[in-house]
Engineer: 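Sharing a structure below in structure tokens format, with a few things to ask.
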Amino acid sequence: MKTRSKKRTGTLLLALMLTLLAGCGSGSNGNQPANNGNASTKPEAEASAAATADTSSSTKKVTLTMMVSGTKAPDGQDFALDIMPKLVKEKFPNVTLETSKLPDEQYFTSIRTKLASGQGPDIYWVFPRNASLGVLDMAKAGYAADLSDLAFWDNISQGAKEDMSYEGKPYGIAGGLDYLGVYYNQDLFKQAGITEMPQDWPSFLEACQKLKDAGITPISLADKDPWFLQFGMYQIAANVVYPDEMDFDTKLQAGEKSLSDPKWAATISKMKELYDKGYVVKNSLGLGSAQAAQLFIDGKSAMIFDGTWDYATLTAKGAADFTRGFFSLPANEAGQPTYVSAATAAGFALNAKSENLDVAKEVMNYLFDGQSDLFKAWTGANSSISVYKGVALNHELFKEVNDSYLNNGKSVYFPNQMWPTGVAEEMEAKFAEIIGGRKTTPEQVTEAMDAKFKELWKNK
Amino acid sequence: MKSTVMKKTMYFFAVPALLFYLTFWIFPITKLFQYSVTDYNGFAQTFNYIGFDNYRALFNGGTLGNSISNTLVYTVVSVVAGNLIGLALALLLNMKIRGKGFYRSISYIPTLFSAIVVGFIWSYVYMPDSGMIATFLDKLGIPNDNLNFLGSYSSALYSIIFVEIWKNVGTTMIIFLAGLQTVPNDLLEAGRIDGCGGWKLLRYVKLPLLATSITINTTLSLINGLKAFDFPFIMTNGGPGTSTNTLIYSIYKMAFTEQMFGKASALGIISFILIIAVTAVSVLLMNRKEVSA
């Protein structure tokens, strides 16, 4: 009798434990509200939501969450972290915007996990087309909401809208347009006796040689950060792979073309030429991006390949004072036009599974209304070239490239936007062997890229 | 039937712990096995079962061989060199010297920092031109133009291993020190009376009695080396090229950069088996050599 009652106690205890565990378990299943913000505001929000269930969202207390990638601006001046939450609160007193910003790598990992576990933020940052965390993936997986009904699409350039669309509908709002180019030191160019800006590949090599002969490091690149290689490579590809075949990547995806194409091998060879001839800073494999930028702003190297997004870093004051210039890397043959490497920048997407999708849309409509304080703050803080109708070019430095982009229409996007993530990394890893003095040939690089592309593409 | 040892109902008290163990440890591992035969990309909830394609691709591709060989080099060098240096330090700091406690603390300090901090510090130490080593050589007037520890294929892996040893030698030393305290004085005295010199005492008395510590240290650094991830991640990103890609770093890259969770799971299982096999064999081998005082 005694044992039985003990057994019963044991069973009871077990049942209790199970209930407790079940209680824990329900915390992680999918029907939680998508905002994982301040817990203390939640009951409040739910209570008032129940009370005013059928009134519009303008009276309901809502906490929106937002996650973006990038590096933080100085305290109090970061658009996403400081300015946007404040201005949203002014316009919508009932809306609290909680924002966080992570460096790219961490952002990619964190946002995927959050979205996959149903805890994604209401507003987040996506990249054009097939890029890592690209809009196509996000829309296909059902994480990004269809944004066709936002009010401002007429004011956004058509190309930028298309780059953020899936099956003809926009799923992301492009932050702008980015150019890849060459930042150069005009004073050092003069010092080396370069009077005319290079217009094609032979004259570019000539200019590099003049710099080298004058004892100046022509180009600083940061190959310790593997992705840095893309900044030069894509500009060359824009002038070698695409000019007579703008649909190369479409054919690639359809299996009609391959990355082991001679045109890609030629692209890699041109990049290799810069290293072989000693135009790139020595030991580039030991330099990180910050260190390479430092060499440039200290006046120790004449050029650096980079994008418009690094304007602030590359125009910062270093050890030397000099005039900067910006041009598209002329990887074209003599007599051919130079193609600009230009691509839509990352931008906002809304979480399709968010409970507060409508509120998030209102915030977006306000952000992109073209006149509000929030809009002005956004255009002021944005380092990309605006794709919004009527917004002036933000930096005089980019005028030449921008004019050529607008007037000639000769531009190519960044190729990795049409590749599954992993192909560019393969290119970087293989090309590093060339930089490191291994006997890898350009053809071996393209073959490795092609193999990686085929492996990853079949999963799409 | 009454048990004299324990009431059967008492087993129920193990259930909560067991459940936690199953849910948070065993279940995820079985999930890994499941994912390893799919083309799961890490976020879309739809995926297909593709049989052993992932394994096949791994065995045919270059990643597996490259990362296994890197990992083995990493492990062997860090186990051998780490233990020798640790033992030497322990023997030194076991002698009657002034400030013994101070030196012991100093040697243990690197262990206290997190790998992130250590990795960052050493990236600057190794940096070409303006790094600590380069500056130091500059001061001495030694040309260091081609000094590029982390950026050259031949030295990157070994430079990282050196940092790994630098960070862990403190732990190894402490364990050896503790082992040395258990060596009975009478044995040492007996040895001396029989005419042993310092070397013979070490070889025939101390080392055999240290066998347990050697087993512990070797096993610990073996496991540490086989799952090396943090230093390649912080200091080189696996580069230049793939020359510092270790097994775990390759898994990370495959899963989070290339979005091939399925294939990464397969690689995870292969390294799981490899680590268990290597560790088991070495523990069995070393256990046989242990003696007690």
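Order of the sequence lines sets the chain letters (A, B, ...), proteins ahead of strands, with each chain counted from 1.
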Engineer: Which region of A:I111, side chain (C-beta onward) or backbone (N, CA, C, O), has a non-hydrogen atom less than 4.5 Å from a non-hydrogen atom of chain B, or is it both or neither?
Structural biologist: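 It is neither, since no heavy atom gets under 4.5 Å.
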
Engineer: Which heavy-atom pair separates A:N283 from B:L147 by the least distance, and what is that distance?
Structural biologist: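 Closest heavy-atom pair between A:N283 and B:L147: ND2-O, 3.7 Å.
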
Engineer: Select all residues of residues 422-429 of chain A having any heavy atom within less than 4.5 Å of some heavy atom of chain B, and report them by number, or 'none'.
Structural biologist: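 Those residues of residues 422-429 of chain A which have a heavy atom under 4.5 Å from chain B are A:G422, A:E425, A:A429.
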
Engineer: Please report the shortest heavy-atom distance between A:G286 and B:P128, naming the atom on each side.
Structural biologist: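 Heavy-atom minimum between the residues: O-CD, 3.6 Å.
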
Engineer: I'd like to know whether B:K263 forms a side-chain contact (heavy atoms from CB on, under 4.5 Å) with A:E455, so could you lay out the CA-CA distance, the side-chain angles of the two residues, the decisive distance to 0.1 Å, and finally the verdict.
Structural biologist: CA-CA 11 Å; B:K263 199 173 163 193; A:E455 178 184 13; 2.4 Å; yes

Engineer: Quick one: does A:K224's side chain have a donor or acceptor within less than 3.5 Å of a partner on B:M235's backbone?
Structural biologist: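 Looks like yes, one N/O pair under 3.5 Å.
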
Engineer: Non-hydrogen atoms of chain B under 4.5 Å away: do they reach the side chain of A:K282, the backbone, both or neither?
Structural biologist: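 When you check distances to chain B, only side chain atoms of A:K282 fall under 4.5 Å.
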
Engineer: Counting only heavy atoms closer than 4.5 Å, note whether B:S152 contacts chain A via side chain, backbone, both or neither.
Structural biologist: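 Nothing of B:S152, per the 4.5 Å heavy-atom cut-off to chain A.
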
Engineer: Rounded to the nearest 0.5 Å, what's the gap from CG on A:D137 to CD on B:Q259? Could you check?
Structural biologist: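 Going from CG on A:D137 over to CD on B:Q259, the span is 5.5 Å.
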
Engineer: Can you name the closest pair of heavy atoms from A:T421 and B:T257 and give their distance?
Structural biologist: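 Of all heavy-atom pairs spanning A:T421 and B:T257, the closest is CG2-O, 3.1 Å.
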
Engineer: Heavy atoms only, distances under 4.5 angstrom: which of A:L285, A:L115, A:L287 has the most pairs with chain B? Name it, please.
Structural biologist: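 Looking at each option in turn, the highest pair count goes to A:L285.
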
Engineer: Who pairs with B:F256 by ring-ring contact (aromatic ring centres under 6.0 Å, His included), at least two apart in sequence or on another chain?
Structural biologist: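 So B:F256 forms a ring-ring contact (aromatic ring centres under 6.0 Å, His included) with B:Y252, B:F261.
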
Engineer: Quick one: side-chain hydrogen bond (donor to acceptor under 3.5 Å, both in side chains) partners of A:S289, sequence neighbours excluded?
Structural biologist: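 Partners of A:S289 by the side-chain hydrogen bond (donor to acceptor under 3.5 Å, both in side chains) criterion, ordered by chain and then number, come out as A:D225.
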
Engineer: Which residues, numbered in order, of residues 431-442 of chain A come under 4.5 angstrom of chain B by heavy-atom distance?
Structural biologist: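 Against chain B, the residues of residues 431-442 of chain A that fall inside the cut-off (heavy atoms, under 4.5 Å) are A:A432, A:E433, A:G436, A:R438.
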
